[in-house]
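Have a look at the structure below, then the notes.
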Number of protein chains: 2
Amino acid sequence: MSANRVGIDLDTSLGYLLKEASSALRASMEAVLRPLGMTITHYSCLELLAQRPGLSNSELARGAFVTRQSMNVLLQALERDGFVTRPAEAAVGKVLPTTLTPRGRRSLEAATAAVRSVEIRMLGGMTDDEQADALRALRSMIHALRDDDGAPPSTPPVE
Amino acid sequence: MSANRVGIDLDTSLGYLLKEASSALRASMEAVLRPLGMTITHYSCLELLAQRPGLSNSELARGAFVTRQSMNVLLQALERDGFVTRPAEAAVGKVLPTTLTPRGRRSLEAATAAVRSVEIRMLGGMTDDEQADALRALRSMIHALRDDDGAPPSTPPVE
DNA sequence: CAGTGTATGTCAAACTACTGACATGAGCGC
DNA sequence: GCGCTCATGTCAGTAGTTTGACATACACTG
């Protein structure tokens with residue numbers, strides 16, 4: 001029950017709790033998305049496209065927190081199955097803006113309902129104020145971790 | 001900036017923010033752990049063992065939020081490299097209690113310092129009250145998502 | 001204009017963690 | 001005791017993601 005002298009106290013560590021919450025959310029989302037034949041990244045991609053049509057592969061990757069290579073293979077599958085469309089050639093640069101097809105939109109609708117139910121359950125025991133506090137706290141953590149990577153001396157950017 | 005009518009508003013979605021924060025934390029931890037030749041699961045396993053010596057493979061897996069299969073291959077590597085020890089045969093059931101070796105403890109020390117620096121930076125702009133609020137909020141979300149996985153018998157995916 | 005730096009799309013290989021499956025052992029009710 | 005259930009450790013196979021590498025295209029600076 002009580003913490004040791006050494007190490008980080010897991011019961012009061014925001015980092016550990018954050019990982020635990022994220023893991024629980026991930027498991028719940030996978031559970032409701034699986035019957036629909038979707039993964040979380042799959043759903044995230046569609047949701048991103050619904051809100052910001054025309055997003056590029058790299059932008060989608062950043063929004064879904066995966067590498068652009070991962071998003072690329074996903075996009076190819078989604079295009080092959082008719083959920084999204086991309087122009088064969090870039091109009092201006094190399095960027096290929098992606099848009100949802102009607103089929104993609106329909107597919108997203110069911111997924112959104114499922115995901116919303118998870119979020120509802122997650123927010124179940126929290127007041128609006130608590131939710132606002134949590135939002136603020138998460139934004140603060142995200143901002144604090146942005147850039148300035150861990151080791152100033154010799155840590156070239158990943159990749 | 002403003003959300004559409006359809007879908008989930010990403011800018012105010014606790015789920016999305018949670019994923020973003022978790023992703024940022026993961027990246028920062030990987031960055032500081034990489035020079036030490038450790039992965040996050042690797043470190044988590046050692047930290048768990050330092051606080052609760054004798055944990056079994058399955059218990060470690062739950063604590064590190066991976067499957068027991070994943071933890072098993074990690075433990076085999078850690079044992080091979082002399083960071084942990086497990087009895088060759090179970091004393092009572094099938095459970096093999098794992099303990100840190102002196103080498104494992106030394107290795108953990110450096111990692112803990114690195115991880116602590118990340119957590120410090122993450123908590124940088126937050127007051128103690130805000131941290132307490134965040135802790136409460138995360139615990140609430142975790143509790144709400146526990147068990148009752150996505151689809152109870154009487155809740156087929158909506159539509 | 002050439003040169004540099006940054007960002008993109010894409011291919012390929014390597015890896016990580018997962019799902020599926022099996023045998024074993026403990027706990028429980030009958 | 002016997003059968004049932006659950007948890008554990010472990011062995012595969014598999015899906016998703018990452019790292020590595022390359023060619024291309026824009027923006028900036030000299």
Side-chain angles (χ1 to χ4, degrees), chain A residues 19 22-24 26-31 33-46 54-81 84-99 147 155-159, chain B residues 19 22-23 26-31 33-35 37-45 54-80 84-98 147 149-150:
Chain A
K19 190 172 175 182
S22 171
S23 172
R26 177 191 188 83
S28 292
M29 285 185 62
E30 280 175 350
L33 251 22
R34 186 185 314 272
L36 285 69
M38 274 195 207
T39 68
I40 295 184
T41 308
H42 186 135
Y43 157 74
S44 299
C45 176
L46 264 44
L55 247 39
S56 73
N57 176 29
S58 289
E59 291 167 323
L60 286 169
R62 280 189 290 268
F65 310 109
V66 295
T67 61
R68 64 184 193 276
Q69 291 92 329
S70 296
M71 185 54 71
N72 190 38
V73 310
L74 174 60
L75 277 184
Q76 288 177 358
L78 288 180
E79 190 174 18
R80 170 174 51 78
D81 297 344
V84 305
T85 36
R86 281 192 295 179
E89 288 186 358
V92 51
K94 294 187 64 179
V95 179
L96 301 177
T98 314
T99 41
D147 287 332
T155 302
V158 188
E159 185 183 2
Chain B
K19 190 173 176 181
S22 170
S23 173
R26 178 189 190 81
S28 292
M29 285 185 61
E30 280 175 350
L33 251 23
R34 187 186 316 269
M38 273 196 209
T39 67
I40 296 185
T41 307
H42 186 135
Y43 157 75
S44 299
C45 177
L55 247 39
S56 73
N57 175 30
S58 291
E59 291 168 323
L60 286 169
R62 280 189 290 269
F65 311 109
V66 296
T67 61
R68 63 187 196 275
Q69 292 91 329
S70 297
M71 184 54 72
N72 190 37
V73 309
L74 173 60
L75 276 184
Q76 287 176 359
L78 290 181
E79 189 174 19
R80 169 175 51 79
V84 304
T85 37
R86 281 193 296 179
E89 288 188 357
V92 51
K94 294 187 64 179
V95 180
L96 301 177
T98 314
D147 287 332
D149 259 343

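Order of the sequence lines fixes the chain letters, A, B, ..., with proteins taken first and strands second; residue numbering starts at 1 for each chain. Quantities reported herein were computed from a predicted structural model and do not represent experimental measurements. Side chains are part of it too, since the values below use all heavy atoms of this structure and drop only hydrogens, waters and symmetry mates.
The end-to-end axis angle of the helix from C:dC1-D:dG30 to C:dC30-D:dG1, rounded to 10 degrees and based on five pairs per end, is 30°.
Scored by the side chain to side chain donor-acceptor pair (under 3.5 Å) test, A:S23 finds no partners at all (sequence neighbours excluded). With sequence neighbours left out, the ring pair (Phe, Tyr, Trp, His ring centres under 6.0 Å) criterion links B:F65 to A:Y16. With sequence neighbours excluded, no residue satisfies salt bridge (charged side-chain N to carboxylate O under 4.0 Å, His left out) with B:R62. In this view, A:S58 satisfies the side chain to side chain donor-acceptor pair (under 3.5 Å) rule with no residue, not counting sequence neighbours. The side chain to side chain donor-acceptor pair (under 3.5 Å) test applied to B:T41 returns no partner, not counting sequence neighbours. Considering only residues two or more places apart in sequence or on other chains, B:E30 meets the salt bridge (charged side-chain N to carboxylate O under 4.0 Å, His left out) condition with B:R26. The salt bridge (charged side-chain N to carboxylate O under 4.0 Å, His left out) check on A:R34 picks up nothing, with sequence neighbours excluded. Among residues two or more places apart in sequence or in another chain, the side chain to side chain donor-acceptor pair (under 3.5 Å) test is passed with B:T39 by none. Residues satisfying the side chain to side chain contact (heavy atoms under 4.5 Å, CB included) test with B:T98, not counting sequence neighbours, are B:L49, B:L60, B:L75, B:V84, B:R86.
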Would you check, one step at a time, whether the test side chain to side chain contact (heavy atoms under 4.5 Å, CB included) holds for B:C45 with B:M71?
CA-CA 8 Å; B:C45 177; B:M71 184 54 72; 3.9 Å; yes
Could you go through A:S44 and B:K19, starting from their C-alpha distance and side-chain angles, then the distance that decides it, and tell me whether this counts as side chain to side chain contact (heavy atoms under 4.5 Å, CB included)?
CA-CA 11 Å; A:S44 299; B:K19 190 173 176 181; 3.5 Å; yes
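Separating the CG atom of A:L96 from the C1' atom of C:dA7 is a distance of 14 Å, rounded to the nearest angstrom. Atom pair A:M71:CE and D:dG16:P shows a separation of 13 Å (rounding to whole Å applied). Rounded to whole Å, the distance from CG on A:N57 to C1' on C:dC11 is 13 Å.
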I'd like a list of close polar pairs between nucleotides 14-18 of chain C and the protein, N/O only, cut-off under 3.5 Å.
from	atom 1	to	atom 2	distance (Å)
C:dA17	OP1	B:T41	OG1	3.3
C:dC18	OP2	B:T67	N	2.9
C:dC18	OP2	B:T67	OG1	3.2
C:dC18	OP2	B:S70	OG	2.9

Reading nucleotides 23-28 of chain D 5' to 3', which nucleotides get B (base under 4.0 Å from a protein heavy atom), which S (sugar-phosphate only), which -?
BBSS--
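Nucleic acid contact for A:L74: none, since no nucleic acid atom lies under 4.0 Å from a heavy atom of the residue.
Using a 4.0 Å cut-off, no side-chain N or O of B:R62 falls inside it from OP1 or OP2 of D:dA7. Phosphate contact (OP1/OP2 of D:dT10, side-chain N/O of B:N72, threshold under 4.0 Å): present.
You'll find that the side chain of A:Q76 is closest to C:dC11, out of C:dC11, D:dG9, C:dG9.
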